[in-house]
Each structure stands twice: as structure tokens, then as C-alpha cells.
Amino acid sequence: MKYWLMKSEPDVFGIEHLKKCKKQTEPWDGIRNYQARNFMRDDMTIGDQAFFYHSNCAEPGIVGIMEIVSDPYPDFTQFDADSNYYDAKSDPDDPRWILVDVKFVRELEQPVSLKHLKANADRFDDFRLLAKGNRLSIMPVTRKQWNTVLEMEKELGQ
DNA sequence: GCCAACGTTGGC
DNA sequence: GCCAACGTTGGC
């Protein structure tokens, strides 16, 4: 099993949205970055776990856990002219944008903020989230990094 | 294939 | 709202 981190703006789609929606499962739509797409298309497997990260908000950080529950398939929003994610250049016979479905697993009892992650950066080796200028919205997380974040969750609850 | 211009991301 | 860091686009 592999581990991931996936960013979303809580004003647009936050962890509580995923928690409330039908079957607590949603397509992770709107990704328009090739590197992020490639991770979903080529590297994700059903059963992989992912951190839900809130970006572009008052307290950016890791707030929950999701599971990858589908194989990759085309992002329908790319063909929806009314969607913010519409892509006129995408060919229906060869869709440019691919996504997976994610399912809510749980919220962290104590969110692990970006501030906290940065303050403890020495406990991670090469965490991409903490790399300077990192803007990637989907990235791999090592098992060790995953466990360290969960340790921090526990510590914060003490 | 280079690179300037432009658009986006995301922390602050 | 600002702006640094990136990614993409398109002229040449």
C-alpha cells in the first residue's frame, strides 16, 4: 500500500464536505497539473491511503485521512462547459485529465498544521510538502513520513 | 527548442 | 491583497 497527500481548499471542498457526501466518496476532480494527474493515473492503487490537506486557508495543514477507492478514469468536468475546470482542448476520445475516487476514512483528532510540520521539519527526510516553492497538489508520502505525521497527531492530543 | 509573458498556487 | 515560485503558452 502506498501513501499520498492531496490538497484542497476548504472553501471549495474541505474534509467536512467529503464526510457529508453520499457514501462519503467523491471523485477528486479539477486537477489540472500534469504531475499530479500522473500520480493518479499511473501510481495510485485502490486501497492506498491519502492525507487530506487544507490549503489556502487560515490554518493550512493535514486534517484527515482518505482512501483511494477507484481505478483512474476521465475527469468529467473537463467536458462541462459550465465548469470552472472545463478544458476546451481536451479530446473526448483521448481525455487529458484523469482522476480517482476518494473515500473518507477519518478526520484527525488533532489537525497537524503546516506551521507544526515546519517546526518539526527535522523529523522528516525530504518531505515534498515542506520543500521550498512546492505547489504540487498531489504528492507521494513515504510510510515513514506518514507514521511521523500520525505520531504528531497523538502528541498534539496529549 | 528557447524564453518572455502570462496565469496559477498557496502561504502569509 | 501581496507576491514568490512555478507551470504553461506561444512567438520566433
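Here is how names work: the chains are called A, B, and so on, in the same order as the sequence lines, proteins then strands, and each is numbered from 1.
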Next item on the list: Apply ring pair (Phe, Tyr, Trp, His ring centres under 6.0 Å) to the pair Phe52(A) and Trp28(A), showing each step before the final yes or no.
Entry: CA-CA 11 Å; Phe52(A) 197 127; Trp28(A) 197 261; 5.4 Å; yes
Notebook entry, point to check: Taking 4.0 angstrom as the limit, do Arg106(A) and Glu153(A) come out as a salt bridge?
Noted result: yes
Notebook entry, point to check: Is Arg37(A) paired with Asp75(A) through a side-chain N to carboxylate O contact shorter than 4.0 Å?
Noted result: no
Next item on the list: Look only at the side chain of His116(A) and the backbone of Gly61(A), and say whether a donor-acceptor pair between them is shorter than 3.5 Å.
Entry: no
Item checked: Sidechain-backbone polar pair: Thr45(A) side chain, Asp48(A) backbone, donor-acceptor under 3.5 Å -> no
Next item on the list: Pick base, sugar-phosphate or nothing for Lys115(A), based on heavy-atom distances below 4.0 Å to the nucleic acid.
Entry: nothing
Notebook entry, point to check: Within the pair Tyr53(A) and dG11(B), is there a side-chain N or O less than 4.0 Å away from OP1 or OP2?
Noted result: yes
Checklist line | Residue-phosphate contact under 4.0 Å: Lys118(A) side-chain N/O, dC12(B) OP1/OP2 | finding: yes
Within this structure, what is the [atom1]-to-[atom2] distance between [X] and [N], rounded to whole angstrom?
X	N	atom1	atom2	value
Lys132(A)	dT9(B)	NZ	C1'	16 Å
Arg37(A)	dT8(C)	CZ	P	10 Å
Glu9(A)	dG10(B)	CD	C1'	8 Å

Next item on the list: Answer with yes or no whether the side chains of Tyr73(A) and Asp101(A) bring together a donor and an acceptor at under 3.5 Å.
Entry: yes
Note to self: Under a plain distance cut-off of 3.5 Å, with no hydrogens placed, do Ser90(A) and Gln78(A) share a side-chain donor-acceptor pair?
What the structure shows: yes
Note to self: For DNA chain B, which residues of residues 88-100 of chain A approach it to below 4.0 angstrom with any heavy atom?
What the structure shows: none
Every protein N/O within reach of nucleotides 1-6 of chain B N/O, cut-off under 3.5 Å:
none

Check: Side-chain heavy atoms under 4.5 angstrom apart, residues restricted to Ile, Leu, Val, Met, Phe, Trp, Tyr: same cluster for Met44(A) and Phe51(A)?
Finding: yes
